[in-house]
Protein chains: 2
Amino acid sequence: MKLLLILATVLCLNTAIAAPALMPLPAHADYPPGELRIDNSFRVVNHGYTDQRLARAIQRFTASLSRQTGIPFIGPASESQLTLECAAPSPAYPALGEDESYKLQISGAGAHLTAPTTTGAMRGLETLLQLAGPGEHGMRFPAVEIDDRPRFPWRGLMLDVSRHWMPLPVVLRNLDAMAAVKLNVFHWHLSDDQGFRVESKLFPKLQRKGSDGLFYTQDEVRLAVEYARDRGIRVIPEFDVPGHTTSWFAAYPELASAPGTYSIERTWGIFKPTIDPSRETTYVFLDSLFGEMAGLFPDPVFHIGGDEVEDTQWKESAAIQQFQKRHALKDSQALHAWFNTRLQEILKRYGKTLMGWDEVLDPGLAPGAIIQSWRGADSLAEAAHKGYRGVLSAGYYLDHLLPASQHYAVDPFDGATATLGPGEAALILGAEACMWDEYTTEETVDSRVWPRMAAIAERFWSPKDVKDVSSMYVRLPAITRLLEFTGIQHRANYLPMLDRLAGWRDASALMTLADSVEALGITGRRDERKYSSPIPLNRLVDAARPESEPMWTLGRAVQAWIATRAPEDAALLNRTFAAWKVNPDQLRVLAKGNAMLDEVLPISDNLAATARIAVEAMSMLQSSRQPSEGWLEASRQSLDRYEKPKAETRLAAVRPVRLLLDAFTRPETSASEANH
Amino acid sequence: MKLLLILATVLCLNTAIAAPALMPLPAHADYPPGELRIDNSFRVVNHGYTDQRLARAIQRFTASLSRQTGIPFIGPASESQLTLECAAPSPAYPALGEDESYKLQISGAGAHLTAPTTTGAMRGLETLLQLAGPGEHGMRFPAVEIDDRPRFPWRGLMLDVSRHWMPLPVVLRNLDAMAAVKLNVFHWHLSDDQGFRVESKLFPKLQRKGSDGLFYTQDEVRLAVEYARDRGIRVIPEFDVPGHTTSWFAAYPELASAPGTYSIERTWGIFKPTIDPSRETTYVFLDSLFGEMAGLFPDPVFHIGGDEVEDTQWKESAAIQQFQKRHALKDSQALHAWFNTRLQEILKRYGKTLMGWDEVLDPGLAPGAIIQSWRGADSLAEAAHKGYRGVLSAGYYLDHLLPASQHYAVDPFDGATATLGPGEAALILGAEACMWDEYTTEETVDSRVWPRMAAIAERFWSPKDVKDVSSMYVRLPAITRLLEFTGIQHRANYLPMLDRLAGWRDASALMTLADSVEALGITGRRDERKYSSPIPLNRLVDAARPESEPMWTLGRAVQAWIATRAPEDAALLNRTFAAWKVNPDQLRVLAKGNAMLDEVLPISDNLAATARIAVEAMSMLQSSRQPSEGWLEASRQSLDRYEKPKAETRLAAVRPVRLLLDAFTRPETSASEANH
């Protein structure tokens, strides 16, 4: 039975264009037969409410559809059209919990998109873009009946622009990609020990001394906020205090809890410099700065970080210790809470709600505050019990470079939150994926966020019962490719990085290797070298993807071959393994006189060795010979050894080969279980 | 002997990083041993004259070097540095014949760039960028001694933005790539039958009715001119009159030689609508318009087109015929000359020199005019005899999609120009490649210009005796890859276009096919379909390159294998041919339910058949068997048949296989002769 299921899935993948690869999956969708042709006469006709923002969204949609299909819409208008009926405007600035629903009907007669709000209409337009593609008669939308709305009102991506600087175009193209998968919160982590990234006109030393000259001007911030607003995306600024503030002290050492001079932090970790919460001048400064920043960011939520407060400086300062006693603050945590209370008062005057990481959850926190949890559901449940709202980020840390499946399996209502009553459950607003950028540059960040972010976006938008990992992985390759047309460079930067490593020579052999490995995330890298900001991130690990689609595809082919022994699958596998076998010879030629490739050669040797095991296994399976226990055991051990981290990568090629070995003992392997 | 030569070249390609892949090659260059390491402490130190433009050029250089090497330059400054000594400023706006020379010395101790002018310094910085790459100890510049200056003062690229609209970013990124290969003239073909592409404030109907809303605002024009100026590139605007003006008449029909209403031309060719040269109001209009445009473009040269004047409207107009008699103009050519004389007077008042295509070369043309020849050296020689300056474009038409070698072989001093005396020869200013865009969109234009433009740029810059085609082809692959870092999308757009054709599924099989074909140019396409502006250019032919690097590489591998029978070459060939053999099966799976791939399948069948011939030939060569004459003849005929245009592509895969067949009769094949 299981075998038949696999077979069905495999055949479905290999033979026809299946149900549309939508991500996130709509709340309700039917796919009746039929299609709407897309040709140069295609037009959008808006019958309902309209405003500037919707008009721009329609323009963007038309331009994107043209780019994605390659069709210029300058023919005479015809029947082939999209009718849009939008009932009413959304709030001018995207609001928490606003109606984002829409209905979409497509048949041969036309496409009809109806939505109660302009934001709903924009979400529907993104669904349309994912539907467009080649069909039996040319470019077309398949017929659909969709009734869609989000599960959570807070669906976010946090981007750290402090550890490595991310210029404005990175932000803008990520906003476009976010819109494509219906995310609606961009959390901008703007300051940390390694850089203060916004222009302050009141305290220009902040960016002058705290950013290496790498910061957003206020005009750029306004542009990004407007760009996000246009796409129905809120922008939450984060200024992380009182810890993570070394870069502030490079400009204003008097804010620190210990005297001295400070310079921008170049390494990664938790550092001692911390804002002095005992001096009134601190609050005068923060009042001015937050006031200025509050004017720059229209969102009512203002994120003050508050994570990982290192209290050494507090404990070593007599003045701070005295202050603590005077205010009967029993420990550093109480002092931190006192500090947050003061911030909350300041923010309140600017009409802002405080948001912070788990650590800000303390007695004294005013109602309405929002807790973002990097620790897990327990924190959120605790916050909800106390009446605070929460956003889950634990389980969605993109910088760990985990497979999409692992993030996809995490639900904001798993664990302690699962037992909340309806009132408290409503306080869980949603979730946010986090991209911390210690090991990421503007060149690599897109490939660290996408396409895995799309799978996570499905968790945030689609109904709770949408959790079939196989289905997600069948749709992800199409979404990866569709996302290219948003301008995101997760695929575009791959080959140039390999070309660079290959010294501008043909990098095919290097790509064979890069396709067969996966990059390790922060936990796999931080102890391998003495990393710091000036260390180049231009090695194989940086080009390699967090999750290898080619190895996933190969795993599917192995399963298909095991199930059916079709000669064409065998041919594909043989060709792949043959390429692996000769990879070391090819790479040695390329690596001559090129030190950048030295560390790559041992991985290539392991790849070739993996291929030899694969070929032997296939040959035995082909002739129904059973290997000796010794061979099987030795082979498994070899694969385990080859899979061990090397040059901060993991040899993903061993996974499909393990499936071959498993076939000797467990011929019916399920795709979703075994391939990750 | 020949065999040894091939062998040497092949080995050089396959084993070590050879002499730097500079393009254009410098006038004089030595490559002593040694290198200068590039690490995060690398800095540029400017000791000589400096100004804003040079300062920006240095900033761009540093950013490009960082992008290209992946190294952030934020470490502490060290010994590893570039010392720049520039003697004096270049003219504020790039001038014809300005000094562009520079000297570059690199050793382990540092890099020294000296130049008499800021423009020379900028040219030298581009050479440095081409030198940077991985070496034995990491990223480095190899040691060099370069003394360089251009052969011609006019080295241009013409871009047609009328047939298909090319948005501003296309122009800007092409300016960056032009700077990378030391081109210095951007000729902007701004109006034609299919669109008038610049905002006129005096005649706004021109862009409103003559451009489908697709035009450059005056601010955008100023930005592009400034962008070019910053890179030492002149911008020559072309407003093509009196023919090629249908789009003008969509706005101002009263300018035409025949009454009626006109609309933007949607098809390609030579059309009848022509400006009426007999009415004084025509010159009032042109005086105002050219006056406005003269203010927008600082260059002293103003291109008025003048090509392909279709005189039907003139002949059919009684008024024009009368006018012709009154002025004793014996034919349409004389009338055209009279028109040009009037334009020349107008332009003179605005301080502009007239430039035009061959057809403007007529008695009455004032001295100083510049002739751009699409017809060939005869026109230029004739112009020079009459004292006019000339620029060659015949032989450099990129839209024909010919191999780089064919353009590379064309020299401005071949043919009639070769016999000019020194005085007249000095009137040949240089040359311009032309990109006409009937079959090119913003998505494909970069791949139609680059990398072939780099080879042509070498013809324009390097000494006349630099003409070794093999050397050019050995360097071109590196230049192609380096150009990626200028932002040009000649490689980046390839995969997304294939992904689109494959319906967002794994396009590897389609890429195997696309790598083995070449796109036909204008002469191969115009009679195949009824083309017009709304026809999508999103097929295999549009994704395919004008010249296949993979097939060139395969040809080299075939030659290497024939020469040495090395098993690793055999393995590469076998793997390639194996992939070709199964290509039809793979593509048939992909093509199911996807009409976009229908036309691709027969080509894939031919590819598989080509592989079968290749495998047989290799097998016979391997065992030193001689094939029957019949087999050889039949195989050759088959290859000829497979090579015939199909779906507007040519099967380039037959070329390396022909080399295999040649080995039976002519074992010593020269690379440069046989591979194209």
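Here is how names work: the chains are called A, B, and so on, in the same order as the sequence lines, proteins then strands, and each is numbered from 1.
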Part of [X] lying under 4.5 Å from any heavy atom of chain A:
X: B/Leu501; answer: backbone
X: B/Leu537; answer: backbone
X: B/Phe485; answer: side chain
X: B/Gln586; answer: side chain

Between [options], who has the most heavy-atom pairs with chain A when the cutoff is under 4.5 Å?
options: B/Asn538, B/Val582, B/Ile479, B/Asn574; result: B/Asn538
options: B/Met596, B/Gln68, B/Arg67; result: B/Gln68
options: B/Arg491, B/Arg266, B/Glu443, B/Met497; result: B/Arg491
options: B/Ala478, B/Ala578, B/Ser533, B/Gly138; result: B/Ala478

Side chain / backbone / both / neither for A/Thr69 at chain B, heavy atoms under 4.5 Å: backbone
Say you draw a straight line from [atom1] of [X] to [atom2] of [Y]; how long is it, rounded to the nearest 0.5 Å?
X: A/Leu214; Y: B/Ile74; atom1: CG; atom2: CD1; answer: 7.5 Å
X: A/Met139; Y: B/Asn594; atom1: CE; atom2: CG; answer: 7.5 Å
X: A/Asp515; Y: B/Ser508; atom1: CG; atom2: OG; answer: 8.5 Å

Name the option with the most non-hydrogen atom pairs under 4.5 Å to chain B; the candidates are [options].
options: A/Gly133, A/Pro496, A/Ala492, A/Pro477; result: A/Pro496
options: A/Gly70, A/Ser66, A/Ala507; result: A/Gly70
options: A/Asp212, A/Asp598, A/Leu482; result: A/Leu482
options: A/Asp585, A/Leu572, A/Asp506; result: A/Asp506
options: A/Pro534, A/Ala591, A/Pro536; result: A/Pro534

Close side-chain approach of [X] and [Y], heavy atoms under 4.5 Å:
X: A/Trp504; Y: B/Gln130; value: no
X: B/Arg500; Y: A/Glu484; value: no
X: A/Arg481; Y: B/Arg505; value: no

